[in-house]
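Here is how names work: the chains are called A, B, and so on, in the same order as the sequence lines, proteins then strands, and each is numbered from 1.
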Amino acid sequence: MSDVLVIGAGPAGLHAASRALDAGAEVTVLDAHDLVGGQFWRHLPDDRAAADEAQLHHGWKSFQQLRVRLEEHPRCRVLTGTEVWAIEPEEHGAAARVHALSGPSGALRREEVLLTPERLVLATGAHDRVLPFPGWDLPGVFSAGAAQALAKAERVAVGERVLVAGAGPFLLATAASLIATGATVVGVHEAAGPSALCRGWLSRPWELASSARKLTELAAYVTGHLRHRIPYVAGSAVIAAEGNGRVESVRVTRLDRDWRPVARTERDIAVDAVAVSHGFTPRLELAIAAGCAITADRFVAVDARQATTVPGVYAAGELTGIGGMALSAVEGAIAGLEAAGGVIPRQLLAERARQRAFAIRLERAHGIRPGWTDWLCDDTTICRCEDVPFGALSLTEGATQSLRAAKLSTRAGLGSCQGRTCGRTVEEILRQSPGLLGTTTTDQRPIAAPVRLGEFARE
Amino acid sequence: MVSRRMPPAADPTRPPSDVPITITLDGTPYTGTAGQTLAGVLLGAGRLSWRTSPGGASRGVFCGIGVCFDCIATVNDACDVRLCQRRAVDGDRVVSQGLDAPLPLRSAGTRPAHGVADV
Amino acid sequence: MHVVIVGAGIVGAACARRLAADGHDVTIVDRGGAAGGTSASGEGNLLLSDKEPGAELELAQFSARLWGELPNALAGETGRVPAIEYDAKGGLVVALTDEGAHALGQFASGQSGAGVDARPITPGEARRYEPWLSDRVTGAVFYPQDAQVQPAAATLALLESATDGGARLLQGHEVLGPLLDSAGTLTGVRTSRGQVSADRVLIAAGPWSGAVAERLGVRLPVLPRRGMILVTTRMPRRILHKVYDADYVGAVTSDDADLQVSSVVESTAAGTVLIGSSRQRTGFDDTLQVVALRRIAARAIRLFPFLADVPMMRSYGGFRPYLPDHLPVIGADPRLPGLWHATGHEGAGIGLSLGTAELVADLMAGRQCTIDPAPFAPDRPSLAPHLEAEVA
Ligand SMILES: Cc1cc2nc3c(=O)[nH]c(=O)nc-3n(C[C@H](O)[C@H](O)[C@H](O)COP(=O)(O)OP(=O)(O)OC[C@H]3O[C@@H](n4cnc5c(N)ncnc54)[C@H](O)[C@@H]3O)c2cc1C
Ligand SMILES: Cc1cc2nc3c(=O)[nH]c(=O)nc-3n(C[C@H](O)[C@H](O)[C@H](O)COP(=O)(O)OP(=O)(O)OC[C@H]3O[C@@H](n4cnc5c(N)ncnc54)[C@H](O)[C@@H]3O)c2cc1C
Ligand code: FES
């Protein structure tokens with residue numbers, strides 16, 4: 001009987017754990033959050049569970065079944081509130097050495113958890129990518145994921161009049177949750193223009209039929225939008241947020257197909273909050289620390305069986321490509337079965353192929369275009385932790401082309417979040433000028449989460 | 001008030017009625033319901049920001065999922081706690097970070113630092 | 001004279017600045033981006049306190065004077081105030097045992113004899129210098145000449161001064177081989193993006209200097225010695241000096257391949273605390289080693305107990321370039337006419353870079369050097385046995 005550790009209890013991790021149990025493995029699944037479900041099924045804690053919580057979720061019933069199964073299965077251990085802070089490659093039989101700490105987030109001393117599993121499934125998911133714009137660091141500007149998480153897991157609306165902006169179908173999900181939390185959504189502004197949407201989605205975002213589940217999901221969002229008469233504006237972006245101490249209005253503008261603002265199309269809209277997301281960035285640090293190869297488009301490289309380049313280590317979900325819950329789930333299922341030495345049914349592979357086709361459309365329709373940097377001003381904050389403005393990163397030709405040296409001399413990406421929020425943006429800005437050399441990226445973070453010295457010190 | 005928590009009675013998902021808990025932020029009390037995170041309590045009560053960035057800007061919740069570290073504060077004397085990840089416990093003392101001027105870095109070496117008891 | 005410098009780290013940058021000032025036509029080539037190597041992977045301690053009397057200390061003392069003058073000099077050369085975070089904050093070396101205090105006292109009195117300002121102070125005084133210091137300190141020496149700089153920023157500032165002075169910087173140019181004339185004299189380098197001809201080729205390629213030398217046809221046994229550092233989050237508390245435990249002294253000169261750990265604890269201008277570092281010979285393997293972090297952290301907490309509650313947010317590290325006799329190699333290589341070296345500064349290359357550049361400039365000009373260059377010569381006796389397996 002093999003032993004399998006799954007890191008991340010989102011759709012990918014939960015399915016991986018469940019299938020590994022099917023195949024007879026001894027399974028541990030752990031997650032930094034104190035509830036399972038990942039980003040997709042963020043929910044109220046048990047002592048506050050709502051009677052009709054399913055309204056806020058897709059696939060709620062299957063999530064409940066998964067959760068109960070894992071929690072009650074004799075061969076399964078679910079460790080929530082357990083954050084992995086380091087992974088070391090391991091030579092002797094185990095897939096890796098996993099260092100985690102268990103306890104309330106940020107507590108002074110949490111309990112050390114050291115695991116050396118035979119097989120490791122990485123399912124650490126992704127976080128929102130938010131492109132900066134003037135005023136994006138004003139209170140009242142949230143990532144769409146934050147608006148979503150607060151709506152689902154707190155029943156808190158980030159504002160009363162909220163504008164949702166960025167790119168991707170996730171904006172629709174966010175708008176729907178905001179409405180279900182009593183907010184007024186004043187508009188959904190999608191950066192991708194109508195022609196990109198047509199190319200990616202055939203004609204309209206909700207008409208993609210290759211993924212049945214995705215279709216009903218989108219249809220539900222869209223009928224919700226119609227009922228609430230929410231304007232959906234394609235080829236439009238928020239290029240500034242303004243207000244005294246907090247956001248009071250946003251400036252929206254039309255974009256050309258490269259996401260360059262079109263002159264004289266600006267208009268101000270009064271809001272008290274903005275929810276923004278331009279896509280997702282995979283949380284690669286643990287995979288990199290484990291030694292897994294990363295693809296050119298910056299996801300964990302996996303083969304047909306979700307195996308990474310490190311023996312015994314598998315990856316699934318948003319780590320291997322952004323494609324939504326259904327793709328994460330089926331990749332997780334394959335990874336879990338494979339890690340436990342099970343047989344992979346053909347229909348799982350077919351389902352994954354279908355979902356990947358969907359992911360490709362998603363990227364084609366909503367992928368970030370290079371013109372967005374045109375809406376930055378010299379004093380626009382790029383690195384929120386260290387308050388590094390765009391001007392400081394506008395390095396001319398002849399400046400260092402080392403990412404590391406540029407970061408150290410501007411402090412961009414050196415703050416508490418360690419470049420999670422600004423890293424990709426900093427790289428893109430520097431790549432435009434003066435250009436970057438070498439293989440270093442902002443995804444390398446050997447310390448995957450902050451740890452107090454007293455929690456790991458040992459003579 | 002801008003951000004706010006939906007009152008259970010008006011909530012179509014029918015959560016249970018509140019079990020009030022009170023926390024303080026820099027001494028000011030904020031009331032929420034059991035099961036919320038500290039950030040949830042503050043936002044739910046209309047408080048949007050609490051930290052000051054190195055450049056003097058206000059920061060509150062940005063990512064909501066423990067990734068951006070905008071929301072950090074000192075909780076019961078432990079610094080740098082992500083409020084969006086920490087469940088609130090009745091009586092939690094939250095102190096905002098970034099307001100206190102750092103002690104000067106420069107020193108002639110021979111100058112004893114201020115505020116130090118002799119030994 | 002046209003000089004090609006291989007490596008845009010702090011040593012190459014400092015040499016470029018000095019050689020350009022002497023009127024040489026200087027080209028710096030680096031396979032990556034400027035200041036992206038070791039000089040961006042370590043700390044910026046400019047120390048006298050850790051060095052025993054001898055040639056390295058002399059070079060360090062010479063360099064320390066130059067560092068003190070550098071901020072003003074750079075401002076004059078570039079017209080900008082350099083943001084190199086130079087801070088002559090002084091070093092505080094403490095012992096935590098009675099034997100340690102005794103050894104430290106002896107070490108310091110030897111240094112005093114060599115002109116180092118080393119001031120033994122009582123534990124009580126040490127805690128007035130450093131309010132958060134452990135009350136278990138048994139002895140301390142204060143070194144007012146120890147200073148600190150932000151090494152990547154300093155490298156870039158030196159390069160800027162060099163290019164302002166006429167030097168050319170070629171990034172993304174990897175040196176692949178030599179250009180030789182019929183007499184076998186080195187006349188330049190072949191790079192991944194074309195040839196660069198020169199009268200002199202100066203290797204300043206840090207821990208990769210051995211590989212570069214080999215490509216040019218000579219053997220140079222520069223080896224990597226790994227170091228890991230940890231960085232805390234920002235905090236309002238400041239550690240006012242460079243503080244470390246006396247064991248550091250042993251680690252610097254030791255030949256032991258196993259993991260050694262010492263803790264130099266210092267606040268940076270941003271308010272983070274840097275704690276480093278480990279010393280280990282594992283080739284160029286850069287995978288994280290939790291055991292090293294654990295020990296570095298434990299040492300730091302022994303010095304400053306409050307650090308136990310402070311979060312570490314990052315760890316990084318690099319490879320110190322060292323030679324078997326633990327001295328840098330500076331000067332012309334008699335085995336290959338036209339080839340020069342300025343490398344192998346181990347854990348002190350930031351500090352020693354400025355003095356190294358002066359020596360290189362004086363030697364190239366045939367001027368009298370300020371300090372004796374013989375101990376660093378490529379043909380010094382202590383290095384000779386290691387150079388034998390010549391490739392050319
Ligand atoms: C805030 C947010 C909300 C989202 N909401 C929706 C939505 O409503 N609808 C939709 O279609 N898509 C949504 N998405 C997109 C979502 O990422 C995918 O649909 C789906 O959740 C991906 O599943 P996954 O299993 O790959 O990863 P995730 O669901 O992201 O799960 C990854 C898990 O890994 C854990 N983890 C990461 N690092 C560590 C570590 N070091 N130690 C321990 N645990 C760790 C995380 O806590 C997380 O629970 C959202 C994304 C975000 C960021
Ligand atoms: C953890 C750690 C802590 C340290 N702490 C201190 C300290 O506190 N104080 C101190 O003084 N020193 C310290 N050091 C040592 C110091 O960092 C080094 O001695 C110094 O940076 C070496 O500088 P360099 O210019 O020789 O090499 P590097 O900075 O490594 O520069 C060499 C350059 O050569 C380039 N190169 C390599 N091969 C080729 C090729 N084939 N073609 C073209 N270019 C090439 C590289 O890309 C690189 O940019 C520390 C080192 C480490 C690792
Ligand atoms: S809001 Fe981003 S970490 Fe809490």
Side-chain angles (χ1 to χ4, degrees), chain A residues 32-34 39 42 44-56 104-108 127-128 130 137-143 145-150 153-160 180-182 245-246 272-273 283 381 384-387 389 415-418 420-421 449-450 452, chain B residues 1-8 10-16 18-19 32-41 43-45 47-50 53-87 89:
Chain A
H33 196 51
D34 60 1
Q39 311 308 356
R42 286 232 154 204
L44 294 164
D46 283 349
D47 55 358
R48 215 188 139 199
D52 287 334
E53 213 167 326
Q55 286 181 28
L56 298 170
S105 180
L108 275 181
H127 59 77
D128 292 83
V130 181
D137 58 336
L138 273 178
V141 180
F142 296 86
S143 77
Q148 184 75 323
L150 286 159
E154 296 276 353
R155 302 304 290 133
V156 165
V158 293
E160 277 172 33
T181 314
R246 63 177 185 80
D272 50 35
R283 301 176 68 170
T381 299
R384 301 170 67 97
C385 295
E386 297 289 308
D387 281 333
S416 301
C417 90
Q418 289 294 292
R420 287 172 169 87
T421 310
R452 294 183 202 277
Chain B
M1 195 132 91
V2 279
S3 61
R4 38 137 204 67
R5 183 164 58 89
M6 205 172 205
D11 192 329
T13 68
R14 298 194 291 132
D18 283 0
V19 180
T33 187
Q36 287 192 280
T37 61
L38 288 167
V41 170
L43 284 170
R47 175 83 186 232
L48 274 184
S49 63
W50 43 89
S53 73
S58 299
R59 298 276 188 265
V61 162
F62 181 65
C63 75
I65 58 165
V67 165
C68 77
F69 292 74
D70 263 19
C71 68
I72 56 174
T74 298
V75 177
N76 306 335
D77 299 322
C79 64
D80 295 340
V81 178
R82 286 166 279 175
L83 300 194
C84 71
Q85 296 301 293
R86 175 71 169 259
R87 295 280 166 209
V89 174

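For B/T33, the side chain to side chain contact (heavy atoms under 4.5 Å, CB included) test picks out A/R48, B/R5, B/D18, B/V19, B/Q36, with sequence neighbours left out. Partners of A/P450 according to the side chain to side chain contact (heavy atoms under 4.5 Å, CB included) rule, which considers only residues two or more places apart in sequence or in another chain, are B/F69, B/R82, C/P311.
Contact tally against chain A (heavy-atom pairs below 4.5 Å) for B/V61, B/D11, B/T13, B/I65: the top residue is B/T13. Each of B/P16, B/A57, B/G64, B/A10 has some count of heavy-atom pairs under 4.5 Å with chain A, and the biggest count is that of B/P16. Heavy-atom pairs under 4.5 Å with chain A peak, among B/D70, B/D77, B/D80, B/L83, at B/D70. Most heavy-atom pairs under 4.5 Å with chain B: of the set A/R420, A/Q55, A/R283, this distinction falls to A/Q55. Heavy-atom pairs under 4.5 Å with chain B were tallied for A/A49, A/A449, A/G145, A/A149; the largest tally goes to A/A49. Each of A/G106, A/G182, A/S105, A/C385 has some count of heavy-atom pairs under 4.5 Å with chain B, and the biggest count is that of A/S105. With chain A as the partner, the residue from B/A34, B/G60, B/C79 showing the most heavy-atom pairs under 4.5 Å is B/C79.
Of the atoms belonging to A/E53, it is backbone heavy atoms, and not side-chain ones, that fall under 4.5 Å from chain B. If you measure heavy-atom distances from A/R246 to chain B, the contacts under 4.5 Å come from the side chain alone. For A/A180, the part lying near chain B is the backbone, with the side chain staying farther off; criterion is any non-hydrogen pair under 4.5 Å. With a 4.5 Å cut-off on non-hydrogen atoms, A/Q418 does not touch chain B at all. For a residue to count as touching a neighbouring chain, one of its non-hydrogen atoms must lie under 4.5 Å from one of that chain's; by this rule B/I72 touches chain A with the side chain only. Neither the backbone nor the side chain of A/A273 comes within contact range of chain B; no heavy atom of the residue lies under 4.5 Å from a heavy atom of that chain. At a 4.5 Å heavy-atom cutoff, the contact between A/T421 and chain B is made by side-chain atoms alone. Only the side chain of A/D34 comes within less than 4.5 Å of a heavy atom of chain B; its backbone N, CA, C and O stay farther away.
In this structure, A/C417 and B/C68 approach most closely via the heavy-atom pair CB-O, 3.3 Å. When every heavy atom of A/V158 is checked against every heavy atom of A/A147, the shortest pair comes out as CG1-CA, 3.9 Å.
Side chains of A/F142 and B/L43 form a contact here, defined as non-hydrogen atoms less than 4.5 Å apart.
The main-chain N or O of A/E386 is never found under 3.5 Å from a side-chain atom of A/R384 such that the two would form a donor-acceptor pair. Under the 3.5 Å distance criterion, the side-chain polar atoms of A/T181 are left unmatched by any main-chain donor or acceptor of A/A157. Checking side-chain atoms of B/R59 against main-chain N and O of A/D137 turns up a donor-acceptor pair under 3.5 Å. Judged purely by atom type and a 3.5 angstrom limit, B/R14 has no side-chain atom pairing as donor or acceptor with the backbone of A/D52.
In this structure, B/R4 does not pair ionically with A/D272, as no charged nitrogen and carboxylate oxygen lie closer than 4.0 Å.
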